[in-house]
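Naming: A, B, ... by sequence-line order, numbering from 1 per chain. In this text the structure is predicted, and so the values were computed from the model without any measurement.
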Protein chains: 2
Amino acid sequence: MTSLMKTTFGEYIRHLRTEKDLTLTQLAAKLNLDSANLSKIENGIRDFDEKRLPKLARIFGLNIKDLREEYITDLLGKKIYETNCSKQLLKVAEEKAEYRRIRNKNLQTEKTV
Amino acid sequence: MTSLMKTTFGEYIRHLRTEKDLTLTQLAAKLNLDSANLSKIENGIRDFDEKRLPKLARIFGLNIKDLREEYITDLLGKKIYETNCSKQLLKVAEEKAEYRRIRNKNLQTEKTV
DNA sequence: TATAAATTTGTCAAAAAATGACAAGTCTTA
DNA sequence: TAAGACTTGTCATTTTTTGACAAATTTATA
């Protein structure tokens, strides 16, 4: 994990784009996307589609793993915000994730028996 | 927050249901739901629809706030699990949620100016 | 200021995902 | 072994997401 942005993913894209002096139209074309929709993504009205992450990484020369982390932390951050989830509750959520991990591991071994 | 279950929401429903000796058909009827689909929900194949939480709370005499917490922690737990999000990354996600909270608050005040 | 480019906003059809409904299967148990 | 309980599979319907385009508004610059 490299240093992750404390911004939304849309704002992050805008940051990357303006840094490279690209217009919405230019970047949208590279992403095979409508510029109006890219505008909405940057402004948080629409979500960036996960399937375009590899392309985005290539365009800006970013490590795909890092970018995906940027993406999923935004995704979860948004959910945490939307559900009004406190830190305490988030801890419970993490425990439930752990429960799923263990349960899934057990299912794997059950199959082989 | 009362004690939250370290199980999936589906398993929790099954727990509540069997405890009260209800069949899938009986509970499904109370929830205005197909019993086959309730079965899938309990087995984690489908998701419980949030709009039915109040009904579920009434049926089992549960506090709706607590139940909703049970629900959202399951929701987030599932996402954390699915995205393979580490504790470290989850911390980042929480920071991004905080960023959204602050940003939203600022937007509110901007409007009044 | 005029105008051209850049961005935003609104809308709608198409695609994708979630849900409801039902048939047919398996598993339990009385 | 028959009935009830549960599971699985499928498909039509509904809802949500996405792509596409027109028409704004805003910004930059000649």
What is the distance, to the nearest angstrom, from the [atom1] atom on [X] to the [atom2] atom on [N]?
| X | N | atom1 | atom2 | result |
| --- | --- | --- | --- | --- |
| A/Ile13 | C/dT7 | CD1 | C1' | 16 Å |
| A/Arg46 | C/dT9 | CZ | C1' | 11 Å |
| A/Leu27 | C/dA6 | CG | P | 13 Å |
| B/Ile45 | D/dG9 | CD1 | P | 8 Å |
| A/Asp34 | D/dA20 | CG | C1' | 6 Å |
| A/Glu42 | C/dT7 | CD | P | 8 Å |
| B/Ile41 | C/dA18 | CD1 | P | 13 Å |
| B/Leu24 | C/dT26 | CG | C1' | 14 Å |

Choose from C/dG20, C/dT7, D/dT18 the nucleotide whose nearest atom is closest to any side-chain atom of B/Leu33.
->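 Nearest listed nucleotide: C/dG20.
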Closest listed nucleotide, where the reference is the side chain of B/Ser39 and the choices are D/dT10, D/dT7, C/dT7 |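 Closest nucleotide among those given: D/dT7.
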Confirm from the modelled atom types if B/Lys40 and C/dG20 form a donor-acceptor pair under 3.5 Å, side chain to base only.
->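 Donor-acceptor pair under 3.5 Å: no.
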Heavy-atom donor-acceptor pair, A/Asn37 side-chain to D/dA20 base, under 3.5 Å |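 Under the 3.5 Å cut-off, the side chain and the base do form a donor-acceptor pair.
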Between [X] and [Y], is there a side-chain N and carboxylate O pair less than 4.0 Å apart?
| X | Y | answer |
| --- | --- | --- |
| B/Lys91 | B/Glu95 | no |
| A/Arg101 | A/Glu98 | yes |
| A/Glu11 | B/Lys96 | no |
| B/Glu82 | A/Arg100 | no |

Determine: side-chain N/O of [X] to OP1/OP2 of [N], distance under 4.0 Å, yes or no.
| X | N | value |
| --- | --- | --- |
| B/Arg17 | D/dC6 | yes |
| A/Asn43 | C/dT7 | no |
| A/Arg14 | C/dA6 | no |

side-chain contact (heavy atoms from CB on, under 4.5 Å) partner of A/Lys30, chosen from A/Leu22, A/Leu56, A/Thr25 =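 For A/Lys30, the side-chain contact (heavy atoms from CB on, under 4.5 Å) test succeeds with only one of A/Leu22, A/Leu56, A/Thr25, which is A/Leu22.
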Donor-acceptor pair, side chain of B/Asp49 and main chain of B/Lys51, under 3.5 angstrom =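 Yes, the answer is positive, given that a donor and an acceptor are paired below the 3.5 Å cut-off.
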With distance as the sole test, does A/Ser39 use its side chain to make a donor-acceptor pair with the main-chain N or O of A/Ser35 at under 3.5 Å?
->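 It does not hold such a pair.
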Mind listing the residues from residues 49-61 of chain B sitting with a heavy atom below 4.0 Å of DNA chain C? Number order is fine.
->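 Of all residues in residues 49-61 of chain B, the ones placing a heavy atom under 4.0 Å from DNA chain C are B/Asp49, B/Lys51, B/Arg52.
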